[in-house]
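Single-structure report; data block below.
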Amino acid sequence: MSKPRLRFAPSPTGYLHIGGVRTALFNWLWARKTGGTFILRIEDTDQERSTEASRAVIFESMKWLGIDWDEGPSAGGEHGPYTQMERLPLYKQKADELVAAKKAFRCYCTKAELDAQREALKAKDPKAQFKYPGTCRTRTDQPDLPYVVRFMTDRSGSVRYVDKVFGEITTPNIEQQDFVLLRSDGVPLYNFGAVVDDMMMGVTLVARGRDHMINTPPQIMLYEAFGVKPPEFAHLPMMLAPSGEKLSKRHGAVSVSEYSDTGYAPNAVLNYLARFGWSHGDQEVFSKEELTQAFSWEACGRGDGKFDAKKFLAINHEHLKTDKLMPSDEYATRTLPFLEKRGVTGTDAAALKRALYTIRDRATTFVQAAEMLDPFFREPPVMDDKAAEKFLVKDAAPRITGFRDALAKASEWTEAALEASVNAWLAESGLEMKLVGQPVRVALMGRTASPSLFQVLFVLGRETSLARLTRAAETAASR
RNA sequence: GGCCCCAUCGUCUAGCGGUUAGGACACCGGCCUCUCACGUCGGGAACAUGGGUUCAAUUCCCAUUGGGGUCACCA
C-alpha cells in the first residue's frame, strides 16, 4: 500500500484556533508516523472573510508549533497551487465535466428566489426544512444569466462509510439536496472545492473535526460521480469550552499566538492537544517524538471534551521542568525575549542558562521564568516597597551585616561553602535562619519570594551579593 | 424539529464480560522548608436511567434522558 497523504486545510479568516491546530496535529502525527505526506492547503474561497494577514498568521503559528508541511504554500509540490483561489480554472473544469455527464446542472434560480421560497415554507410550517425543489434540473436552455452549478443528487439509498474513529456511519440520501458546487462567480463552495482538491492532490485520509461529519456523505457522492475511490475519513470529537459551548475567544486564550505570547512551549501545546481526545494508557506527558511514535486513530475517543486551561498550564509546567523535554539552551533562548520585554537588557542566553537551575522547578511559563529571573539581571533589583518596609527594618540591619560578613569569610563562593559559613555564624550568634532569611532575601532580590538563598548568592556572585547586602543594611539602619 | 454523533470522578482519560473501577489536572489535609515553589505522603470524588443478552455487565443490544454537530451561492 502506498504512503498515506494527509492535509490540513484552514481558512485564513482570523487567528489559528487551538481546535484547528489539534486536527492539524493529528494529521501531521499520522503522516510522520507512517512516513506519509502532510499537505497544507489554504481554503480562501470565502472572500468576505479571508485576509492576507491571517494567511500569514497560519504560517507563522504552524512554524512556531513545529508542524511542518511537505507540500503547500512556500513548500511547493507537484499538485499545486495549494491555495484555492489560485485553482479556480480547475474547479470550473471539474464542474463542467459533471455537467457534461449529466451529474450536475446549471441552476438559474437566484438566491433571492430561493430565500423567498424558504421563507414561504417556513411561514406555512415552521418545522419544515427547505430543500432545493429541483427547478432547473431538466432545464435545457442556457439563457445569458448568472447561474450556479448544482449537483444532481440521487436522493434514494444511503451513503455508508467506515470512519476511522467513529466506525460505521450511514446517512440516508433523502437528507441531501442538489447542493451547489460552483457559485455564480465561479468560486467553489466548500464541499466541491475540498473534494476536487483532495482528489487531485491524492489525499488518502481526511481527518477533520466532527463538525464536518455532515459534509462527508455529499463528498462521497461527489467522488462516486467522478468515478474516484473516496479517501478514508477520520472525524475528531470536538473541543468545547468549559461551559460546553463552542470554544471561542470569549472563553480565554484560543489562538496559537496567545500561547506563544504567554510563554508556552510549542511541544507542550502539542502535548496537551494530543492528549485531548486521544490517550496512550496512563501516560500524560509526551515529547513530540513520543507522540508520533504512539499516535493511532484507534486510541482516539469519541466523546466531545471540554478545554481545561489549568491542565494545559500543568502540562506546560511539566515540559519546562524537564530538561529532556525542554533543553536548557532552548529554555534560555526562549526566555530571553520575555526578559527583554521587561526592560532587562545587556544579558544573554548564556548568562540566563547559568541561572536557570534556580527556577526550573518553579516557573510554569517562560513569562513567569522571566519574572523570576529578573532580579538576577537587573542592577539594582526592583525593590518591592512593601517587602522593604516589612523586612528592611532597623532591627534587621545587624543581621544583614552579620550574614554579609559570614559570606565574606567563606572559603570559596560555592553554595556549600557559603551555607557552611552562614551556619557557623548562626550557631555562634544564636540566630536562626528563619529570622535572617527574609531580610536577606529582600536585600538580595528586592522581593519576598525567590529561589533558595544560597543558589541566589551563587548565581549573583560575590561582588554583586555583597554590594546588595551592604546597601540594604544601610537602608535598614537608616529607618 | 429532521438527520448524524456522543455518554466513566468537577475536567482530560484507562477499562475492550469477572477490577477494592486505575492515572493525570483541579480540590482538601500532612510532611519537607530560609520565602515562594518543587517534591512527597494521604483524602474526598465517576460507570446517566430503564429494559434486555449472559452464570456474570462499566463493558454487548434496545429504549429513555441528557449533551453536541448540522440543515447557505460560510467553511
Side-chain angles (χ1 to χ4, degrees), chain A residues 9-11 13 43-46 48-50 107 109-111 114-115 118 125-132 146-150 163 166-167 169-172 174-177 179-185 187-191 193-194 208-217 235 237-240 242 244-246 272 275-285 299 301-315 317-318 321 359-364 368 372 387 391 419 422 426 432-442 445 447-454 456:
Chain A
S11 295
T13 56
E43 303 207 333
D44 56 348
T45 54
D46 185 344
E48 300 275 303
R49 296 191 299 152
S50 296
C107 170
C109 300
T110 65
K111 180 127 181 6
L114 260 15
D115 283 346
R118 198 189 324 268
D125 178 4
K127 286 180 187 167
Q129 42 200 323
F130 178 76
K131 292 224 173 11
Y132 175 73
Y147 62 87
V148 301
V149 178
R150 286 183 185 272
D163 190 289
F166 284 95
I169 309 286
T170 307
T171 310
I174 192 74
E175 287 303 312
Q176 309 302 341
Q177 60 177 331
F179 55 92
V180 175
L181 267 26
L182 233 43
R183 282 191 282 227
S184 49
D185 60 1
V187 177
L189 240 43
Y190 172 72
N191 275 334
R208 75 235 293 203
R210 190 174 62 79
D211 48 338
H212 282 292
M213 217 173 210
I214 194 89
N215 291 316
T216 305
H235 290 96
M238 310 270 290
M239 185 157 69
L240 273 17
E245 300 168 281
K246 208 163 181 171
Y272 176 75
R275 265 300 276 99
F276 195 102
W278 171 82
S279 62
H280 188 62
D282 282 343
Q283 189 172 351
E284 299 282 349
V285 181
R302 280 153 303 172
D304 292 342
K306 292 171 184 170
F307 178 78
D308 184 351
K310 282 201 174 137
K311 179 138 190 177
F312 195 172
L313 218 213
I315 290 290
H317 190 188
E318 207 57 52
K321 272 194 300 197
I359 56 115
R360 278 207 78 144
D361 284 347
R362 335 160 100 84
T364 58
Q368 206 175 55
M372 290 171 172
F391 292 108
E419 186 157 12
V422 166
L426 288 173
E432 283 183 86
M433 192 61 185
K434 228 176 273 185
L435 298 169
V436 184
Q438 286 304 72
V440 167
R441 171 166 286 107
V442 175
M445 301 293 273
R447 48 173 80 167
T448 56
S450 85
S452 159
L453 284 176
F454 298 104
V456 167

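If you're wondering where the values come from, they're calculated on a predicted model, not measured in any experiment. When reading the values below, keep in mind they use all heavy atoms of this one structure, side chains included, and skip hydrogens, waters and symmetry mates. Every chain is numbered from 1 and lettered A, B, ... according to where its sequence line falls, protein lines coming before strand lines.
- Taking atom C1' on both B/G18 and B/G23, the two are 22 Å apart, rounded to the nearest angstrom.
- Taking all atoms of both residues into account, the shortest heavy-atom contact from A/Glu419 to A/Phe454 is CA-CE2, 3.4 Å.
- Rounded to whole angstrom, the span from the CG atom of A/Leu182 across to the P atom of B/C74 amounts to 11 Å.
- With contacts defined as side-chain heavy-atom distances shorter than 4.5 Å, the pair A/Leu189/A/Phe179 does not qualify.
- Checking B/A26, B/G22, B/C4 against every side-chain atom of A/Ala314, the shortest atom distance belongs to B/A26.
- The shortest distance between the side-chain N/O atoms of A/Arg183 and the OP1/OP2 oxygens of B/A75 is below 4.0 Å.
- Close to B/C3, at under 4.0 Å from its OP1 or OP2, lies no side-chain N or O of A/Lys127.
- Taking both residues in full, the closest heavy atoms of A/Val285 and A/Glu318 are given as CG2-CG, 3.4 Å, listed atom of the first, atom of the second, then distance.
- The nearest pair of heavy atoms linking A/Met238 to A/Asp304 is N-OD1, 2.9 Å.
- No engagement by A/Gly209 is indicated, since no non-hydrogen atom pair under 4.0 Å with the nucleic acid exists.
- Using a 4.0 Å heavy-atom cutoff across all strands shown, A/Val148 reaches at least one base atom of the nucleic acid.
- As judged by a 4.0 angstrom heavy-atom cut-off over every strand, A/Ser452 is placed among the base-contacting residues.
- Side-chain N/O atoms of A/Arg208 include none lying less than 4.0 angstrom from OP1 or OP2 on B/A75.
- For the OP1/OP2 pair of B/A75 and a distance below 4.0 Å, the side-chain nitrogens and oxygens of A/Thr45 include at least one atom meeting the criterion.
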*Assess whether side-chain contact (heavy atoms from CB on, under 4.5 Å) is satisfied between A/Met213 and A/Asp163, documenting all intermediate values.*
CA-CA 10 Å; A/Met213 217 173 210; A/Asp163 190 289; 4.1 Å; yes
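- Of the candidate nucleotides B/U35, B/A75, B/A26, B/A75 has the atom lying nearest to any side-chain atom of A/Tyr190.
- Rounded to whole Å, the distance from NZ on A/Lys434 to C1' on B/C34 is 10 Å.
- Across all strands, A/His212 comes closer than 4.0 Å to base atoms (heavy-atom distances).
- In this entry B/G1 has B/C71 as its Watson-Crick or G-U wobble partner, both defining distances falling under 3.5 Å.
- Within the nucleic acid shown, A/Lys131 has no heavy atom closer than 4.0 Å to any nucleic acid atom.
- Going from the C1' atom of B/C38 to that of B/G44 covers 24 Å, rounded to whole Å.
- Within the 4.0 angstrom heavy-atom criterion, no nucleotide atom of any strand lies near A/Pro242.
- Rounded to whole Å, atom C1' of B/A72 lies 13 Å from atom CD of A/Glu48.
- Regarding A/Gln129, its CD atom lies at a distance of 15 Å from the P atom of B/U70, rounded to whole Å.
- Only the C1' atoms considered, B/C28 is 11 Å distant from B/A45, to the nearest whole Å.
- Remark on RNA chain B: of its neighbouring residues A/Pro172 and A/Met372, the 5'-side contact belongs to A/Pro172, judged by nearest-heavy-atom nucleotide.
- Along RNA chain B, the nucleotide nearest to A/Met433 and the one nearest to A/Ala299 differ in position, and the one closer to the 5' end is contacted by A/Ala299.
- Rounded to the nearest Å, the gap between the C1' atom of B/G39 and that of B/A7 is 37 Å.
- When heavy atoms are screened at a 4.0 angstrom cut-off, A/Ser279 is found touching the sugar-phosphate backbone but no base atom.
- A donor N or O paired with an acceptor N or O is not found under 3.5 Å between the base of B/C38 and the side-chain atoms of A/Arg362.
- Taking atom CD1 of residue A/Ile214 and atom P of nucleotide B/A75, one finds them 17 Å apart after rounding to whole Å.
- Looking at heavy atoms from C-beta onward, A/Arg302 lies out of side-chain contact with A/Pro237 at the 4.5 angstrom threshold.
- For the pair A/Arg118 CZ and B/G2 P, the computed distance is 20 Å after rounding to whole Å.
- Put simply, the side chain of A/Ile169 does not reach to within 4.5 Å of the side chain of A/His235, judged on heavy atoms.
- Between A/Thr448 and B/U35, a side-chain N or O to OP1/OP2 separation shorter than 4.0 Å is absent.
- One atom, CD of A/Glu43, and another, C1' of B/C74, lie 12 Å apart when rounded to the nearest Å.
- No N or O donor and acceptor, one from the side chain of A/Ser450 and one from the base of B/C36, sit under 3.5 Å apart.
- In this structure, the side chains of A/Pro451 and A/Met372 stay at 4.5 Å or more apart for every pair of heavy atoms.
- Close to B/G39, at under 4.0 Å from its OP1 or OP2, lies a side-chain N or O of A/Lys321.
- Counting any heavy atom pair closer than 4.0 Å across all strands shown, A/Leu453 reaches a base atom.
- Nearest to the side-chain atoms of A/Asp361 among the listed nucleotides B/A7, B/C38, B/C5 stands B/C38.
- Interface remark: the A/Asn215 side chain does form a donor-acceptor pair with the B/A75 base, using a distance-only criterion of under 3.5 Å.
- Of the candidates B/A72, B/C25, B/A75, B/A72 carries the atom nearest the A/Gln177 side chain, counting heavy atoms from C-beta on.
- For A/Lys311 and B/A26, a side-chain-to-base donor-acceptor distance below 3.5 Å is absent, hydrogens and geometry of angles not being considered.
- Comparing the C1' positions of B/A21 and B/C16 gives an interatomic distance of 14 Å, to the nearest angstrom.
- Here the nucleotide nearest the side chain of A/Arg302, chosen from B/C6, B/G23, B/C73, is B/C6.
- Rounded to an integer number of Å, the gap from A/Ile169 CD1 to B/G68 P is 19 Å.
- Separating the P atom of B/U58 from that of B/C12 is a span of 22 Å, rounded to the nearest Å.
- A donor-acceptor contact under 3.5 Å is not formed by the side chain of A/Thr171 with the base of B/C3.
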